[in-house]
Every structure is written in C-alpha cells, then in structure tokens.
Amino acid sequence: MHLPAELDIVDAAARAYPDVPQVACFDTAFHARLPDVARRLPIDGWADEAGVRRYGFHGLSYEYVVSRLGGEALDQAVLAHLGSGASMAAVHGGRSIDTTMGMSPTGGLMMGTRAGDLDPGALVYLMDAKKWGAREVEHFVNHECGLLGVSGTAADMEKLLAKRGQDPQARLAVDLFVY
C-alpha cells in the first residue's frame, strides 16, 4: 500500500541526485527469520512456495526497541506498535518469533482504518453481496474499517476517547480496539 508512493520518491531522488546512493530498509526484515510454525499460513504447500506467508510489518519500530533495550532485556517479551497502524510481536532473545500481521499490513489487530483479522467468509460474503472485486475489497479493508469504520467518524484514538462519553459508536470503536 505504501510502496508505490515511496518508489516515486526513490525515482525522484535518483533523477535529482543520480550519483547519490540510496538505501532501502524493509519493514519486514525484522521478521524474516520467523520460525516455520509462525511463518506458515494454514494453506496448501503450493501457495506457501509462491510466497503466500506471514511476513510481519512494523519491523523497523521493533528493531529500534530491541536495539535500545538489548536482546538480553527482551529474552521473552511481547512488543506492541500502536498507532494508526498497529501490531504486536513476540520476541525471544531480541529476535521475532511471532507477529500479529500476516502477508499484508491489513491483518492482525484492528487499526485506524484497517480491519485487522477478518473471517475470510465475511469477505466472501461482501464480495458476493456487493459484487466487489479484489480492488474493492482491498480498499474496504484498508480504508473503511477499523476505528473509522466502527465509529463512523474518526480513525484517531485521541478523538474517539474524547467523544466516547456521548457517542456510542466512538465508545464501541475504543472498546473493540482495547478488547
């Protein structure tokens, strides 16, 4: 979702400064050595071989925490990256051993505008009922769900906390996120 805009910036920088090297830091690298039992999705082997697997995201954030606290301090820990995008990672000795996000940043925890984990049957139902294709589903789970979708008004937790006393939908969005 973020890569097209980021690649445009890389291209613009390369045109403006052709002799300056560029370095890319991939957000999934922290999770690259997930144990097979955490990496593998419960699907047929051909799909796994094609790269349909758990990649995990927010790795740069987790790597920063590990670098600041040290792997020894994080012998067994659960780290949380909470913001408009949200995830958690189980860490052992400073190394990721599991993560809530899957193949894309739409999986895992409920987020500002992302649904987080949804029953695939719900998506199949919506595709059938709304006559949606892949692009419509992708837009829905990335931009119309999460805190915004439940509250109907905001993807920002601070705004929802301020409104939850008088707005039942804001309260429900906060309650779902916290739960």
Side-chain angles (χ1 to χ4, degrees), residues 1-11 22-67 69 71 74-150 155 176-177 179:
M1 185 166 124
H2 303 299
L3 290 180
E6 291 166 349
L7 290 173
D8 288 344
I9 293 168
V10 168
D11 291 340
Q22 296 189 47
V23 177
C25 299
F26 291 90
D27 209 29
T28 57
F30 182 73
H31 306 289
R33 298 182 304 160
L34 283 174
D36 285 344
V37 71
R39 179 200 60 77
R40 178 71 190 258
L41 297 173
I43 55 176
D44 194 290
W46 69 262
D48 181 65
E49 290 171 18
V52 179
R53 55 163 288 198
R54 184 177 317 282
Y55 287 94
F57 294 87
H58 299 134
L60 297 172
S61 175
Y62 295 127
E63 185 67 40
Y64 174 77
V65 172
V66 169
S67 73
L69 298 177
L74 297 171
D75 182 49
Q76 292 186 28
V78 175
L79 305 179
H81 176 98
L82 302 176
S84 186
S87 67
M88 295 189 333
V91 175
H92 180 67
R95 180 178 164 206
S96 177
I97 59 168
D98 206 350
T99 179
T100 58
M101 283 190 163
M103 183 175 166
S104 78
T106 57
L109 306 177
M110 174 184 178
M111 298 170 240
T113 62
R114 292 183 188 138
D117 286 346
L118 284 175
D119 180 329
L123 297 177
V124 171
Y125 171 82
L126 289 170
M127 291 176 78
D128 188 52
K130 297 276 195 178
K131 306 298 182 227
W132 283 349
R135 294 299 140 234
E136 289 86 4
V137 170
E138 181 180 43
H139 179 81
F140 178 72
V141 299
N142 275 300
H143 301 287
E144 298 178 22
C145 293
L147 295 172
L148 177 64
V150 174
L176 284 173
F177 181 83
Y179 184 80

Once rounded to the nearest 0.5 Å, what's the spacing between atom [atom1] of [X] and atom [atom2] of [Y]?
| X | Y | atom1 | atom2 | result |
| --- | --- | --- | --- | --- |
| T106 | H143 | OG1 | NE2 | 10.5 Å |
| L109 | M101 | CG | CE | 7.5 Å |
| T113 | E144 | OG1 | CD | 9.5 Å |
| D128 | L123 | CG | CG | 12.5 Å |
| E136 | M127 | CD | CE | 8.5 Å |
| I9 | Q22 | CD1 | CD | 10.5 Å |

Which heavy atom in [X] sits nearest to a heavy atom in [Y], and how many Å separate them?
| X | Y | value |
| --- | --- | --- |
| R54 | T100 | NH1-O, 4.1 Å |
| G56 | T28 | O-CG2, 3.1 Å |
| S96 | L34 | OG-CD2, 3.4 Å |
| A155 | G112 | CB-O, 3.3 Å |
| F177 | M110 | CE1-O, 3.2 Å |

Contact check, side chains of V141 and R114, non-hydrogen atoms, under 4.5 Å: no
Note, E138 side chain near R135 side chain (heavy atom, < 4.5 Å): yes
Main-chain N/O of [Y] paired to [X] side chain as donor or acceptor, under 3.5 Å:
| X | Y | value |
| --- | --- | --- |
| D117 | G108 | yes |
| R33 | R95 | no |
| T99 | A89 | no |
| Y62 | A90 | no |

Whether H81 and H58 hold their rings parallel, tilted or perpendicular, with breakpoints at 30° and 60°: parallel
Qualifying residues under salt bridge (charged side-chain N to carboxylate O under 4.0 Å, His left out), relative to R39, sequence neighbours excluded: D36, D48
Intermediate values then yes/no, side-chain contact (heavy atoms from CB on, under 4.5 Å), L126 and V137: CA-CA 8 Å; L126 289 170; V137 170; 5.9 Å; no
Identified side chain to side chain contact (heavy atoms under 4.5 Å, CB included) partner of L69 from the options L79, V91, L74: L74
